[in-house]
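The block underneath contains the structure these notes are about, expressed in structure tokens.
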Amino acid sequence: MNSLLKYLLILLGLISVIINIVLICLNSNRLPKCRPTSRPQESLLDKHSNKSLVFADLTAEEYKSVRDYMWGQKELKISRSFTAKPSENFLFLIDLSLPRKADVLRYLDANGQKPAREAIVVVFNGERGYLKEYVVGPLPGPLQHRDVTQKKYNTPTLPFTARTVTIGEYVELFKLFYQVFQKLEKPLRESFGYIPQKRELLPFEGMPRGIKSGDRKTWVSFFRDFNGMYVHPVGFEMLINHESSNTSQWTIDKLMYNGQYFENIDKFLVDYQAGSIKKIVNKNILNYASLKPREKPSGLGPQQYYLQGKRFSVQNNQVIYLDWSFAFGLSSLTGMRVFDIRFKGARIAYELSVQEAMSVYGSVTPGMMLTKFLDSSIGIGRFAHELVRGIDCPYAATYVDTYRYIDTNVTQRFRNSICVFEHDIGRPLRRHFSDFFHNGYGGMANSALVFRTITAIGNYDYIWDFIFYQSGSVEAKVHATGYISSSYKIDGSLKYGHQVAENVLGNIHTHFINFKVDLDILGVKNIFQTKDMIYKEVSLPWIPSEKAKIPQLVEQQIGTEKEAAMLHNAKTPRYLHIASNQTNRWGHQRSYRLQVVSFAGDHLPESESVEKSMSWARYKVAITKHKDEEQTSSSLFGQNYMWTPFVDFSKYIEDNEVIDNEDLVAWVTAGFLHIPHAEDIPNTVTVGNGGGVILRPHNYFDEDPSINSPDGVYFGQGLESDCEYNKMACLEKDQCSSTLEPFTYHGFEGVMKFE
Ligand SMILES: [Cu+2]
């Protein structure tokens, strides 16, 4: 080979090495792709247990087989139409019948038999004019049913008017509205711009439906046909008597137009035509309730993603997250619930669940005047629709489908209706910087797991969160958003709220939310303890003649249910504990503290006839002895039979049982007063509109368990860039570009349809 070729080859080799070095350098600046974000870390997967399924909602197949079984019961003659008329027999609800706690604990903790899987079935018997509740099981079959009405509600049948208004009944009510509209077309056009099929008037009902047991007389207010109708009242309301299961017997008992009352439609027409009434003249109004942004959105806010895979895993109905594990479900009636909550393997709570959401309204107009909504009678969980990625929950959250059977004839799937995500709260869980003698920093980001559903019940949207912190605390929290309820402004309205748009009053109301907190601290046998402080005058030991008032700890054990029922306006000790008799290393009783965050204010006076249906709301906290028969604080039949409710929570306390070393349940009420103001238009914002309860370890451990967290950070002077105890110092090595799934949404498929 000649030397020229040799040099050329060497030169080519050198050039190739240089090009390679340049390419490697260029590429090293490009971020590698992250692992897919939807995956949990591998190590979590074998921590799951199928035993959580004992709490799981019924599956699509299970709903169907229970429905088919009930349809097959000839003597029940159940209609197969989802718009069954009130005169027909209708299978309103199928939901999981929760197994007895003792059976579940035997199964979970002592290798006992798996409790039978059963369903609760509610049938509205229109032919005979009563309601019944059955338990159907065992699933998967062969199935049997038993009538549990007597056992559960202490009556062989429930009155027919105690039932929730079904889609089938609404269809009939709408027909009646249209008949009225036809007769009143001219005044409705002149007053509100009503044009049939083009510019409709939309109904919103007040509740309760009447003033005494057995009534089903509903004041319906009408609103402009806009998105956000709830803040577009037109000043026209009517009282409909729909007590009879025979819809031809329904009547319009009264009308209200611009603050004036009329006995019937004809009387209104005569007076209207005679010009003897104060008229409303229609004005075209732009939709101030629209949620369409006024400007095109111009960018993205910060996003969170999982650099090293998710530190939590969801399998079946179980969540594993760092030291936490729990099972979950979503009841159509009461909503979100979790069971068997464990931290570092030890059960802290058997159940944490939403029970009821209640609102009491004030107004001078009839539609809102007596209104007290009890949402579990319509169904809280029922309205948990698909969550919108990136807004309702962080984009990369894990989304879970739920299945329900309520007021329908098929199982409905609600895609992505629960979300689970780990979230940096944005404020350190703890930190300390140096002292006068040592330089060092120790801290930890507050990264917590959030379990969430959002339920849009009519006008309001409630955001329900259970939050699991690395310090061993669990928080149950609710925020309200959506539209306020409003009424047409007339003379005297301003005593009941503020004007928020032209002729629109935002009505004053309360929000009361009830949670069930069945804590089990080191076993089911617990005590209820309170702690607070008093200023006590003592002599100074070094100058005995001098005295000073010094804060002193006051501890008390509460012995009975009545003593443990803490009324809202009574002075309540600030520390409330469910405690074990076992002590920690320092000799103190190991406990969890219930810290209620609430601005609920006054509860409806007990002298009011409907108060008993919401008697849980009397108490900020009430502690009862656990009973399987006292499963919920409210009931499906609370709203429409408010005067003599079949579940009256105050009765759980009346027997005044001893709560010393018993299985205890805390019923916690949080809430706030809502005086609507201009900024509630178009929507109420979540900021400041919430409440809840925090369950905090208190002498439960020997020290803060977060000291063992993988997120702890520590560095001293001179070690600022050392990564051993500070992952942040090496973050650039972990940087990669995120891989997010494409955006999808199908939530509108599941909304209530009336045809
Ligand atoms: Cu409100």
Side-chain angles (χ1 to χ4, degrees), residues 204-208 219 221 223 227-233 288-289 291 335 354-365 367-380 383-384 392 453-465 476-489 493-501 504-515 568 596-604 610 614 616-617 620 634 638-639 668-693:
F204 185 71
E205 318 162 275
M207 288 168 218
W219 271 105
S221 317
F223 294 77
N227 257 322
M229 56 169 267
Y230 305 103
V231 288
H232 278 285
Y288 46 80
L291 297 177
V354 178
Q355 293 289 305
E356 187 59 285
M358 179 266 276
S359 277
V360 173
Y361 282 83
S363 184
V364 68
T365 44
M368 297 303 292
M369 192 167 178
L370 294 177
T371 283
K372 288 146 191 88
F373 288 124
L374 285 172
D375 288 349
S376 83
S377 292
I378 305 159
I380 298 173
F383 295 104
D392 292 336
T453 58
I454 304 184
T455 56
I457 308 163
N459 55 316
Y460 263 116
D461 301 54
Y462 283 116
I463 301 177
W464 307 95
D465 289 340
K477 215 175 191 177
V478 59
H479 283 92
T481 177
Y483 289 101
I484 55 169
S485 276
S486 69
S487 43
Y488 190 77
K489 188 176 149 261
S493 280
L494 290 176
K495 277 188 202 155
Y496 302 97
H498 291 315
Q499 182 169 354
V500 294
V504 178
L505 180 86
N507 294 84
I508 192 166
H509 60 279
T510 60
H511 290 271
F512 278 65
I513 307 292
N514 192 236
F515 293 101
H568 277 291
V596 185
V597 183
S598 174
F599 304 90
D602 287 343
H603 169 55
L604 185 69
V610 293
M614 50 177 83
W616 52 266
K620 193 178 193 173
S634 192
Q639 178 78 76
V668 178
T669 299
F672 61 96
L673 166 67
H674 193 169
I675 301 174
H677 47 95
E679 297 81 0
D680 280 309
I681 303 296
N683 265 184
T684 294
V685 296
T686 52
V687 179
N689 287 322
V693 57

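Hydrogens, waters and symmetry mates are skipped; everything else that's a heavy atom, side chains included, is used. Start at 1 and go down the list; that is how both ligands and their atoms are numbered. Quick note: residue numbers are just sequence positions, from 1.
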When rounded to the nearest 0.5 Å, the distance separating CD1 of I457 from CZ of F373 is 10.5 Å

Would you check if I378 and M207 make a side-chain contact, meaning some heavy-atom pair closer than 4.5 Å?
-> yes

For residues H511 and S359, determine if any side-chain heavy atom of one lies less than 4.5 Å from a side-chain heavy atom of the other.
-> yes

So which of the N, O or S atoms of H674 lies nearest the Cu ion (ligand 1)?
-> ND1

May I ask you to check if any N/O/S atom from N689 comes under 2.8 Å of the Cu ion (ligand 1)?
-> no

Could you tell me whether the side chain of T481 and the main chain of V685 form a donor-acceptor pair under 3.5 Å?
-> no

Check H509 and report its N/O/S atom nearest to the Cu ion (ligand 1), by atom name.
-> NE2

